[in-house]
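Given the structure is predicted, the values throughout are model-derived calculations rather than measurements. Note that the numbering runs from 1 along the sequence shown for the chain. One-based numbering, in listed order, for ligands and for the atoms of each.
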Amino acid sequence: MNNKKWLTVMFAFALMLLLAACGGSSDGETEDTGGDTEEQTDTGEDAGDETEAAEESSGDAQTLRISIGVTDAHPEYEGAMKFKELVEEQTDDFEVEVYHSGQIAGDREAAEMLQQGTLEITIPSTSPMVNFVPEYGVFDLPFTIPNEEVADAVLDGPFGDKMLGMLEDQGMVGLAWWENGFRNLTNSSKPVSSVDDLEGLDLRTMENDIHLDAWNAMGANPTPMAFPELFSALQQGTIDGQENPYPTIDTSNFYEVQDYLSGTNHVYTPFIFLISKQIWDGFSEEQQTILREAAVEAGKFNRERNREVADESLEMLKEEMEFSEITDEELERFRDAVEPVIEDHKSSIGAEVVDEYLAEIEKHE
Ligand code: TK8
């Protein structure tokens, strides 16, 4: 082969590689996105923006990616953007990127990525964390925390501090408590206003044995599933219903594929702000202080917004869905049905920590 011909072959080969590389990257971002098609287009665009922003910035700023499961209309996203603002106004050391709608991963998988150091930050529900630290199950005991004021007192006090520290052995550092909120049931087959109405309903639960057992005890037929898969499962009718706080039912558009809403308020789920320990250990004390304070501050903002949005969402959802109030008398029957589940799980969670949690609630009630 003469030189000229060789060059032509090389050029053609290089061009092929270039084309393959361009084609491969364009749809990667949207692949894992949950939710409906509209949401997928949305998240794809946003992810693209973030990437461009990261490329534009110069210097040695370290990128901190935050993965959340809910959409960019949710108060958790607002809190994550507040964290970004607070960190970036104090230091040039970090650049924060927020990935919503489970584009990176669902709660459990994101936590595993933190352990491996392949993702920096996630803000999951505490419930899937029982798969790492069983003590987190206290937060899954139904009908324990009665209102947001008690939730704040328990989480912001010594009990909350102790729980935050428990994931360190698992390679994750807990920096702050945020709020997912009180969970409420939705379904597509019938109004549910009593525990008897749950008979035979196929429900999605979080990946958590206490939730599974609780719904079984109440007569439903629960299946665990990661959050990013939930919208399409509801849409396709592979399950009848699910339970989540009002802001999520609203911002994940569940009301489009669910007709009935019940004000069960059966359990309060905190969000926990987690950073990879591998990555955290590489930061200076000063950097750690900035990140911790920003996580706490953004968490206060998130809780405040979450409560406002919960009220607004409920009003909106009442227009879109048939709402069933649960009477106090009926709620007693829900409580009675799950009572044995609390007893059963006491030993798997740890009897001592369960008693401590219940005493802490009682103190602030
Ligand atoms: C979002 C989840 C979610 C939770 C669930 O990542 O899985 O139902 O309530 O909102 O944390």
Note to self: Suppose we measure from atom 4 (C) of ligand 1 to each protein heavy atom; which comes out shortest, and what is that distance?
What the structure shows: S125 OG, 3.4 Å
Checklist line | Any H74 side-chain heavy atom under 4.5 Å of N306 side chain | finding: yes
Margin query: Polar contacts were defined as any N/O atom of the residue lying under 3.5 Å from an N/O atom of the ligand; does this apply to E243 and ligand 1?
Written below: no
Next item on the list: Would you indicate whether the side-chain heavy atoms of M225 and R204 approach each other to under 4.5 Å?
Entry: yes
Checklist line | Side chain proximity check, P247 to P75, heavy atoms < 4.5 angstrom | finding: yes
Next item on the list: Measure Q242 to ligand 1 on non-hydrogen atoms and call it side chain, backbone, both or neither using the 4.0 Å cut-off.
Entry: neither
Check: When the ring planes of H266 and W215 are compared, do they come out parallel, tilted or perpendicular, using 30° and 60° as the limits?
Finding: perpendicular
Check: Is the gap between the ring centers of F301 and F83 under 6.0 Å?
Finding: no
Check: Should D344 and D213 count as side-chain neighbours, where that means a heavy-atom distance under 4.5 Å?
Finding: no
Next item on the list: Using a strict 4.0 Å cut-off to heavy atoms of F271, name the atoms of ligand 1 that fall inside it.
Entry: 11 (O)
Check: Using heavy atoms and a threshold below 4.0 Å, how should the contact between N180 and ligand 1 be classified: side chain, backbone, both, or neither?
Finding: side chain
Check: Strictly under 6.0 Å, is that where the ring centroids of F139 and W177 end up?
Finding: yes
Next item on the list: Specify side chain, backbone, both or neither for R108, according to which of its non-hydrogen atoms lie closer than 4.0 Å to ligand 1.
Entry: neither
Check: How far is atom 9 (O) of ligand 1 from its nearest protein heavy atom, and which residue and atom name does that atom have?
Finding: N244 OD1, 2.6 Å
Note to self: Would T248 count as being in polar contact with ligand 1, using the rule that some N or O on each side must be under 3.5 angstrom apart?
What the structure shows: no
Note to self: Among all the protein's non-hydrogen atoms, which is closest to atom 8 (O) of ligand 1, and how far away is it?
What the structure shows: R204 NH1, 2.6 Å
Next item on the list: Starting from atom 3 (C) of ligand 1, locate the nearest protein heavy atom and write down its residue, its atom name and how far away it is, to 0.1 Å.
Entry: F227 CD1, 3.7 Å
Note to self: Using the ring-ring contact (aromatic ring centres under 6.0 Å, His included) definition, which of the options F182, Y357, F143 pairs with Y268?
What the structure shows: F182
Notebook entry, point to check: Per the side-chain contact (heavy atoms from CB on, under 4.5 Å) rule, which among Y246, F254, Y255 passes with L261?
Noted result: Y246
Notebook entry, point to check: For R183, is the nearest heavy atom under 4.0 Å from an atom of ligand 1?
Noted result: yes
Notebook entry, point to check: Looking at V70, which atoms of ligand 1 are within less than 4.0 Å of one of its heavy atoms?
Noted result: 10 (O)
Next item on the list: Starting from atom 6 (O) of ligand 1, find the nearest protein heavy-atom neighbour and note its residue, name and distance.
Entry: D107 OD1, 2.7 Å
